[in-house]
Amino acid sequence: MRPMDHALQQARLAAARGEVPVGAVVLGPDGEILAAAGNQVEADHDASAHAEILALRAAAAMRGNHRLTDCDLVVTLEPCPMCAGAISHFRLRRVIFGAYDPKGGGVEHGPRVFAAPGCLHRPEIIGGVGETESGDLLRAFFQDRR
């Protein structure tokens, strides 16, 4: 199973819990999954409980180091500005995301955190991986709530 499939699985689990369906996995240097998470904002009553933040925290705790310089993050949606800031602090090597987020994204849209002059660290960015499936999952989730 490819890493984006694992992230999509986490997104589906989040949707089943009533969370916005975003999933993330952190990959170690050899491609093994160090941590995986889906959004838990509603369950935790915590606006920072985005899939990316939860997966990054778990990977850092597992490795005993907050610097994940040889790790990659795979996430189903373009990270928001908060998550992009955290990614910079965790010093990730690469970010691979699925659906683009023109409204709330912080990487390719909005403030473009990694392009800001004061950005601490700029990971490699690969967008649009599994874009259709990620986008379809989000659209279906929000359509069901309208």
Side-chain angles (χ1 to χ4, degrees), residues 1-17 19-44 46-142:
M1 187 181 296
R2 62 192 180 121
M4 184 57 78
D5 292 330
H6 287 283
L8 284 162
Q9 181 179 43
Q10 291 296 317
R12 286 187 205 95
L13 291 170
R17 296 189 306 268
E19 302 279 356
V20 173
V22 177
V25 296
V26 177
L27 305 175
D30 59 358
E32 83 279 10
I33 294 176
L34 301 179
N39 275 357
Q40 289 186 200
V41 172
E42 302 300 329
D44 293 354
D46 180 355
S48 71
H50 288 198
E52 301 96 308
I53 301 285
L54 298 173
L56 291 168
R57 286 177 180 163
M62 185 186 125
R63 294 185 93 194
N65 190 340
H66 67 280
R67 292 180 188 256
L68 303 174
T69 57
D70 58 353
C71 296
D72 300 337
L73 176 71
V74 179
V75 60
T76 58
L77 181 65
E78 176 184 348
C80 72
M82 174 184 69
C83 291
I87 288 163
S88 180
H89 283 274
F90 279 99
R91 309 287 201 274
L92 285 165
R93 172 177 58 188
R94 183 178 303 118
V95 175
I96 301 153
F97 69 85
Y100 290 86
D101 188 357
K103 184 176 177 182
V107 176
E108 298 289 334
H109 297 88
R112 300 177 187 249
V113 171
F114 302 126
C119 183
L120 299 170
H121 173 77
R122 293 172 178 86
E124 177 185 355
I125 302 297
I126 302 169
V129 176
E131 179 179 8
T132 301
E133 194 168 2
S134 296
D136 288 349
L137 188 58
L138 285 157
R139 279 186 289 282
F141 177 82
F142 287 112

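Just so you know, these numbers come straight off a predicted model, no measurement behind them.
For the pair E19 and P21, the minimum side-chain heavy-atom distance is 4.5 Å or more. V95 places a side-chain heavy atom less than 4.5 Å from the side chain of P79. At a threshold of 4.5 Å between non-hydrogen side-chain atoms, the residues C71 and L27 do not count as touching. The side-chain heavy atoms of L73 and I96, taken from C-beta on, include no pair separated by under 4.5 Å.
With sequence neighbours left out, the side-chain contact (heavy atoms from CB on, under 4.5 Å) criterion links D46 to D44, S48, A49. Shown here are the side-chain contact (heavy atoms from CB on, under 4.5 Å) partners of P81, two or more places apart in sequence or in another chain: P111, V113. The salt bridge (Lys or Arg N to Asp or Glu O under 4.0 Å) check on R63 picks up D70, with sequence neighbours excluded. Applying the side-chain hydrogen bond (donor to acceptor under 3.5 Å, both in side chains) rule to T69 yields no partners; only residues at least two apart in sequence or on another chain are considered.
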Donor-acceptor contacts under 3.5 Å from residues 51-61 side chains, at least two apart:
none

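Between the CG atom in L92 and the CZ atom in R67 there is a gap of 12.0 Å [rounded to 0.5 Å]. Here the CG atom belonging to L137 is positioned 12.5 Å from the OG1 atom belonging to T132, to the nearest 0.5 angstrom. Rounding to the nearest 0.5 Å places CG of N39 at 6.0 Å from NE2 of H50.
T76 places no side-chain N or O within 3.5 Å of a backbone atom of L8 that could act as its donor or acceptor partner.
Pairs of residues two or more places apart, or lying in two chains, that qualify as salt bridge (Lys or Arg N to Asp or Glu O under 4.0 Å) and include a residue from residues 126-136 are R12-E133, D136-R139. Here salt bridge (Lys or Arg N to Asp or Glu O under 4.0 Å) pairs that include residues 1-11, with residues two or more places apart or in two chains, are R2-D5. Applying the ring-ring contact (aromatic ring centres under 6.0 Å, His included) test to pairs two or more places apart or on separate chains, those with a residue in residues 89-112 are F97-Y100. For residues 83-112, the pairs satisfying salt bridge (Lys or Arg N to Asp or Glu O under 4.0 Å) are D72-R93, D72-R94, R94-E124, with sequence neighbours left out.
The minimum heavy-atom distance between A84 and F114, with the atom names listed, is O-CE2, 3.4 Å. The two residues M4 and S134 make their nearest non-hydrogen contact at SD-OG, 4.4 Å.
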